[in-house]
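Below is one structure, written out as structure tokens; comments come after it.
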Amino acid sequence: MDVNLEAELNGPQLEAVRNIEGPLLIIAGAGSGKTRVITCRIARMLRLGIPQHAILALTFTNKAAREMEGRIRELSGKKLQSLTVSTFHAFGVKLLRAEIEALGYRNNFSIYDETDRAELIRESLRECRMGSDGVNIYGLGQLFSGVKTGRYLWRDAPAMAGSDPAAYERVYGEYQHSLKVFNALDFDDLLVLPIELFETFPEILDKYRRRYRYIMVDEFQDTSVIQYRLLRLLALGTKAALGRESGGEGPEAGAPNVCVVGDDDQSIYSWRGANYQNLLMFERDFPGAKEIKLEQNYRSTTTILEAANGVIAHNTRRKEKTLWSGNSGGRPVELFFPHNESGEGDFIAGKIREHMMREGRLCGDFGVLLRTNAMIRPLEEAFLEANIPYRVSGGQSFFQRKEIKDVLAYLRVIANHNDDVNLLRIINTPRRGIGKTTVQILADFARQNKTFLWDAMERLCRLSGEGSSPLPQKTRAELDSFMTLVEIFRDRMLGERKNLAEKVRRLVDQVNYWSYLVAEFSKQEKIARWRFANIEYLIRSIEHWEKDEDNLDTGLYAWLNRVSLITRDDGNDEAGRGKVNLMTIHAAKGLEFPVVFIAGAEEGIIPHTKSLEDTSLNGSEEEEETGAAAGPVLPAALEEERRLFYVAITRARDKLYITSCRQRRRLQDTVDCAPSPFLAEIPPHLVETTEEGGVVQDAAEAETFFARMKEQFR
């Protein structure tokens, strides 16, 4: 195997694979082949006779764990029957299934997801005689998580919607009590309880320390404080770990075999507890650890790497490294400054089609990266207009938002009465007194008579008298009113294929969707307005489509078919080769694309205004998109935003585009935008700037442009 390694790995990679004994820190830059190093290292350990059960490899996603295990199996040629390759949380589950009875739980515990947790929080509020109206349940869950994982104490917890966080301490106690009564764990417990086990029962810790004599952690820069604490206990034991926390003596005799692989320049998850300083903690807790840097990038051109290096060099809290590539040269980074997000979408869609025609690129070769979910909508519309299939990752597609799905459901039922799925979605949306009992009666009737729900409604509503119909008169009246509404708009929309957008607007008014939103978000009018603004955007997009001279058919069927064809989920296209990848930058980490577009490189977006506040208690996705007042700029947060931009740049292999709008819509307003200050950190000789209208500036003009930008942001 060593011969193959020498042929396949570069010098630092080979050194990392061969260093098995003792603590090892591998600083793996973007695209430097760290996954290959990890898998080759474990395969070599198995070849040397180290038992599978003695190896523990921890990573951050189930997908990464599966891929890692598959590559190890392929390299080693062994059946992996007792090798542990898993996420931190999956490892916690495995350990707790075996040992949790020591803490007074039964080993058949349930694991609560976000929905379960939110419901239990509401129940805990009621038990404490505190109403849940107006309480940010998501924010309260984040508060509980922060306290449970030790990110802060109650007295230091950030205020929540103007409330004293200590007011919720009693609710937290009730929440914890209820979890144990229900023999349930939340996601944080999967890490907190193993630590409690280890610290309370040293004999249990000793058993696992003796078993896992070789530990590896991937994406180490993304570990949280509590994950690092778990790792440290497994590697050093209780005495050494506690000694380090209190400034006492170092680790026990015999350096542990712990290897961590990470890149502080790619630490972008502090909002969910990640602590990039764990790299420094590792050096402190494991003195004498060997450090190996992987700096050769196998992904990107020299131009892209120089651009990335130029940006990240402005961070002060980092380990020095310089990525380099054997792919010398490369096309310049192209900056485009459109007038607004509509022009931005048109530019990106146009460039994608240009690359496809000139270079034979597939849709899956393109990654379009965004800072926030709020930016997805106009790009989706541009792709729809250009007939470019796409998939949304790490954010919610505009067409998957509830309010948009509701409107689309109305239109689909108008077009096809026999669409049972969409009929069920809108039969009581907005609320019209048609409950679960009525729906069950309709479903039973349709099943017994082998017909559709619409036909069941018609036939049951025609039955006269209380005795002849299973539905009460009031319910029949509501159903009849609903069917009349659908029929009226069917005649309007299918009778004359003009002014579809205006007819959709009348439909939304007729069902009184705005009042429905106000009732649903009685304490959060901003969210109600934001959701209704999404509907208005949908209607404007229909107007735009209708005005396109190339559209020979502007009827309802044509528009619905257009939406369905472009946004359908093709289960056979798992690799995304047939769709443009539209995603947040966070979701793009670990991925790469031949051509990358970074959209919205504007001040206030990247770096994001809200991220520069104290975000220990983030709001919901909707609150993020509706905006928030700016707070004081924190240097640590600014450096994380720069790391996020660096991650975005290093996703590109061959060509990178960056767009920065001069104006952008924020809710109902249009605001002027300034370019992101990070753009001025890209070396000017690497950049080609394009103004709207196709005017390209050369390197000298770019130098002058960036000089003005630097002066602006100084």
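All values below were derived from every heavy atom in this structure, side-chain atoms included, with hydrogens, water molecules and symmetry-related copies excluded.
In this structure, a donor-acceptor pair under 3.5 Å is present between the side chains of Asp188 and Ser145. Side-chain N/O atoms of Asp186 and Tyr175 include a donor and acceptor closer than 3.5 Å. With no hydrogens or angles considered, a side-chain donor-acceptor pair links Tyr214 and Glu21 at under 3.5 Å. Between Thr223 and Asn278, the side chains place a donor N or O and an acceptor N or O closer than 3.5 Å (distance only, hydrogens not considered).
The pair Arg66-Glu69 does not count as a salt bridge, with every side-chain nitrogen at least 4.0 angstrom from each carboxylate oxygen. Note on Lys402 versus Glu520: no salt bridge recorded, every NZ/NE/NH1/NH2 to OD/OE distance being 4.0 Å or above. The existence of a salt bridge linking Asp444 and Arg447 is confirmed by a sub-4.0 Å separation between a basic side-chain nitrogen and an acidic carboxylate oxygen. Using a 4.0 Å cut-off between charged side-chain N and carboxylate O, Arg232 and Asp285 make a salt bridge.
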Under the salt bridge (Lys or Arg N to Asp or Glu O under 4.0 Å) criterion, do Glu119 and Arg126 qualify, and how do the steps go?
CA-CA 11 Å; Glu119 188 54 42; Arg126 287 191 288 268; 3.5 Å; yes

Margin query: Quick one, Leu193 with Phe109, criterion side chain to side chain contact (heavy atoms under 4.5 Å, CB included). Give me CA distance, side-chain angles, the key distance, then yes/no.
Written below: CA-CA 13 Å; Leu193 292 185; Phe109 55 82; over 6 Å; no

(request) Kindly indicate, with the supporting measurements, whether the criterion side chain to side chain contact (heavy atoms under 4.5 Å, CB included) is fulfilled by Gln52 and Leu80. (result) CA-CA 7 Å; Gln52 292 185 24; Leu80 305 182; 4.1 Å; yes

Evaluation steps, side chain to side chain contact (heavy atoms under 4.5 Å, CB included), between Arg97 and Val93
CA-CA 6 Å; Arg97 291 291 183 202; Val93 172; 4.1 Å; yes

Please determine whether side chain to side chain contact (heavy atoms under 4.5 Å, CB included) holds for the pair Val647 and Leu369, giving the CA-CA distance in whole Å, both sets of side-chain angles, and the decisive distance to 0.1 Å. CA-CA 10 Å; Val647 166; Leu369 311 185; over 6 Å; no

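By the ring-ring contact (aromatic ring centres under 6.0 Å, His included) test, Tyr172 is found to be paired with Phe144, Trp154, residues two or more places apart in sequence or in another chain being considered. Every residue two or more places apart in sequence or in another chain was checked for a salt bridge (charged side-chain N to carboxylate O under 4.0 Å, His left out) with Glu174, and none qualifies.
Geometrically, Arg117 does not engage Tyr138 in a cation-pi contact defined by less than 6.0 Å to the ring centre and at most 45° from the axis.
Nearest heavy-atom pair across Ala102 and Leu197 is CB-CD2, 3.9 Å. The two residues Leu517 and Ala528 come nearest to each other via the heavy atoms CD1-O, 3.7 Å. Taking every heavy atom of both residues into account, Ala16 and Arg41 meet most closely at O-NE, 3.2 Å. Minimum heavy-atom separation, Arg377 to Ala533: NH1-O, 4.0 Å. Closest approach of Met130 and Val171 over heavy atoms only: SD-CG2, 3.6 Å. When all heavy atoms of Asn315 and Arg642 are compared, the closest pair comes out as OD1-NH1, 2.7 Å.
Residues Leu24 and Phe286 fail the side-chain proximity criterion, which asks for heavy atoms closer than 4.5 Å. Counting only heavy atoms from C-beta outward, the side chains of Arg213 and Pro51 approach each other to under 4.5 Å. For the pair Leu83 and Arg73, the minimum side-chain heavy-atom distance is 4.5 Å or more. A 4.5 Å side-chain heavy-atom check between Leu442 and Ile427 finds at least one atom pair inside the cut-off. Within the 4.5 Å cutoff, the side chain of Tyr105 has no heavy atoms near those of the Leu96 side chain. Looking only at side-chain heavy atoms (C-beta outward), Asn581 and Arg391 come within less than 4.5 Å of each other. Using a 4.5 Å heavy-atom cutoff, the side chains of Pro194 and Leu230 are in contact.
Residues Phe91 and Tyr212 bring their aromatic ring centres within 6.0 Å.
Results of the side-chain contact (heavy atoms from CB on, under 4.5 Å) test with Val439 over Asn428, Leu424, Leu423 single out Leu424 as the only residue that passes.
With a 6.0 Å radius and a threshold of 12 heavy atoms from other residues, nucleotides or ligands, Glu525 has its CD atom at or below the threshold. Other residues, nucleotides and ligands place no more than 12 heavy atoms under 6.0 Å from the CD atom of Glu74. Sparse packing is recorded around NZ of Lys78, with 12 or fewer heavy atoms of other residues, nucleotides or ligands lying under 6.0 Å away. More than 12 non-hydrogen atoms from other residues, nucleotides or ligands lie less than 6.0 angstrom from OH of Tyr516.
The backbone N or O of Ile268 lies less than 3.5 Å from a partner atom in the side chain of His586, making a donor-acceptor pair. Listed for the Tyr168 side chain is no donor-acceptor partner under 3.5 Å among the backbone atoms of Leu143.
Using a 30° and 60° split on the angle between ring planes, Phe88 and Phe60 fall in the tilted class, from 30° to 60°.
Applying the salt bridge (charged side-chain N to carboxylate O under 4.0 Å, His left out) definition to pairs two or more places apart or across chains, those involving residues 260-271 are Asp263-Lys321, Asp264-Lys321, Asp265-Arg318, Asp265-Lys321.
Distance check: Ile55 CD1 to Ile215 CD1 gives 11.5 Å after rounding to the nearest 0.5 Å.
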